[in-house]
Amino acid sequence: MATSRRRTPIAAIVLAAGKGTRMKTRRAKVLHEVCGRPLAYYPVRRALDAGADPIVVVVGHQADDVEAALRKHLPGAPLRFALQKEQLGTAHAVLSARTALRGFDGQVLILSGDTPLLTTETLRAVVEKRGRAALAFATMTLDNPAGYGRVVHAPHGGPALVIEEKDATDQEKLINEVNAGLYCADAAFLWKTLARVGSKNVQREFYLTDLVALAAEGPGAVAVRVPPFEAAGVNDQEELSLAARALTRRFAQALMRDGVTIEDPERFDCDEGVEVGPGTVLEPSVRLRGRTRVGEGCHIGQGSILTDASVADGATVKAYCVLDDAAVRTAAIVGPFSRLRPGADVGEGAHVGNFVELKKTRLGKGAKANHLTYLGDAVIGAGTNVGCGTVTCNYDGESKHPTVIGERAFVGSDSILVAPITIGDGAYIAAGSTLTEDVPAGALALGRARQVNKEGWAAARAAQKNGKAEKGRASPRRASRRVAG
Ligand code: UD1
Ligand code: CA
């Protein structure tokens, strides 16, 4: 039975047309982000994981933006979009998806776009437990059921109806089993029965919840209990933050189960899909975003923010680094306070230190740039040492130019490398040089004014100053300039 049920094709409808007035922002509610993704991403992702295909997202407020956001976060997914021009209620929203599902005669999962905590297991349970009934819907028991539709059971035990809070009597409001807003219905039953739903209620809306009573009177409805709060909807900013916390806690638990040390899971932020290898230590306030991958046995220091970064096994990112679309290879050491911008690639065993910024720059194996340096559009060979205060002048105001430094070169502190420029293997650059020409391999380049020492200059200036002061004339500025010149 279960096997054949599983084979019945599943489509999903995700309701995401509402504005979400209680969010108090200009954006449609489902566009607000939780752990790096728009709210509506989560129910769509879970429905896909539960085997739903296609998925119809019912959009209304900021329909184009919602569609664009979902397509961006779920490339290649079998998504369809149905426009609900006016939000006349949840039943009306589901009806808006009918055309998009024309010809589909399996079972239809219905989810709310504002429920990021739903799990795939719960969706599967609702699908499984429908059995031969026309409709299954998820319920949960809450200490404070305010705001939710209450589930009224018939004397013999089965669900009889769902009554919305605004339509409920004081007696009914005491019920703490609530409708979670997640349904699985036989497609034929769904379309036939939705046509019978009216709007005779306090809100004059077409309630999807009326399906429960209509099924209970006929082909039967099943209430499936799901863990409390899994189906909790996000309705305001506080619930948005609570959902983010709950989701992050879930990601952290999964990582810890796989051998990652998270020093303080309450001070850890992580997007869905981030990967971290066993034996890696994450200090407090680390934030891992987007497609970030961290290998095994790494150490990520406090306050570091990694977005779309890849950190190979055994690498260390010390405190307060910002990595964006950057790679850190095996056993490399970065930080504290380093900034790796898109295209930064720190080679195996290489070191990048404090206040060093890399952009589109490859630092070879074992190379070092330890202090106060900007390297942009550069390729730096293995074993090369880039001294403190080095700057690649990669931009001439119009376009970017490359800097190429060979292997085992030594770039003295405070070197200004005006690109395009190539510095050969094993070359030395004297500290404080401004270089505009290539340096051959093995050469020493000096690109600075020769030092001049003026013996006894200070005493001479003092004497001159005193002389002028006695005459009570001439400005000290002129005097000093004459001496210095
Ligand atoms: C709904 C249920 C309630 C349940 C609760 C669970 C109804 C009538 N009530 O109430 O029993 O306890 O969810 O969270 O269904 N939407 C549209 N178009 C519309 C109306 C709503 O797309 O015309 C979307 C909303 O954007 C939202 C979802 O449907 O994502 C749920 O709508 P909402 O108004 O939040 O329903 P609740 O009042 O929470
Ligand atoms: Ca809601």
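Start at 1 and go down the list; that is how both ligands and their atoms are numbered. All residue numbers in this chain count up from 1 along the given sequence.
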Quiz prompt | Atoms of ligand 1 close to S112 [distance to a heavy atom under 4.0 angstrom, numbered from 1] | solution = 28 (C), 31 (C)
Quiz item: Any non-hydrogen atom of G113 lying under 4.0 Å from ligand 1?
Solution: yes
Quiz item: Using 4.0 Å as the upper bound for N to carboxylate O, is an ion pair formed by E172 and R150?
Solution: no
Quiz item: Is R22 paired with E239 through a side-chain N to carboxylate O contact shorter than 4.0 Å?
Solution: no
Quiz prompt | Contact (N/O only, under 3.5 Å) between V58 and ligand 1 | solution = no
Self-check item: N/O separation below 3.5 Å, E164 to ligand 1
Solution: yes
Quiz prompt | Close N or O approach (G147, ligand 1; < 3.5 Å) | solution = no
Quiz item: Can you find a non-hydrogen atom of A93 under 4.0 Å from ligand 1?
Solution: yes
Exercise. Say whether, by atom type as modelled, one donor and one acceptor occur between the side chain of Q62 and the main chain of A28 under 3.5 angstrom.
Key: yes
Practice problem: Report the C-alpha distance between K29 and N235 in whole Å, list the side-chain angles of each, state the deciding distance to 0.1 Å, and finish with yes or no for side-chain hydrogen bond (donor to acceptor under 3.5 Å, both in side chains). | Solution: CA-CA 8 Å; K29 176 164 77 178; N235 294 300; 3.1 Å; yes
Practice problem: For ligand 1, find out whether one of its N or O atoms is nearer than 3.5 Å to an N or O atom of T90. | Solution: yes
Quiz item: Does ligand 1 have any atom sitting under 4.0 Å from a heavy atom of V178?
Solution: no
Practice problem: Indicate yes or no: does an N/O atom of A17 lie under 3.5 Å from an N/O atom of ligand 1? | Solution: yes
Exercise. Indicate yes or no for a side-chain donor-acceptor contact from T280 to the backbone of C298 under 3.5 Å, with no hydrogens or angles considered.
Key: yes
Exercise. May I ask you to decide if A309's main-chain N or O and T292's side chain share a donor-acceptor pair within less than 3.5 Å?
Key: yes
Quiz item: Does some non-hydrogen atom of H92 fall short of 4.0 Å from ligand 1?
Solution: no
Quiz item: So, R124 side chain and D49 main chain: donor-acceptor pair closer than 3.5 Å or not?
Solution: yes
Quiz item: Just going by heavy-atom distances, which of Q84, K166, M140, E86 is nearest to atom 18 (N) of ligand 1?
Solution: Q84
Quiz prompt | Where ligand 1 meets Y148 - atom numbers and elements under 4.0 angstrom, heavy-atom basis | solution = 6 (C), 12 (O), 14 (O)
Quiz item: Which part of A91 is near ligand 1, with near meaning a heavy atom under 4.0 Å away: side chain, backbone, both or neither?
Solution: neither
Quiz item: Is there a donor in the side chain of H32 and an acceptor in the side chain of T25, or the other way round, less than 3.5 Å apart?
Solution: yes
Practice problem: Check whether any N or O atom of L208, backbone or side chain, sits under 3.5 Å from an N or O atom of ligand 1, and answer yes or no. | Solution: no
Quiz item: Got an N/O contact under 3.5 Å between G149 and ligand 1?
Solution: yes
Quiz item: Quick one: do E272 and R45 make a salt bridge, cutoff under 4.0 Å?
Solution: no
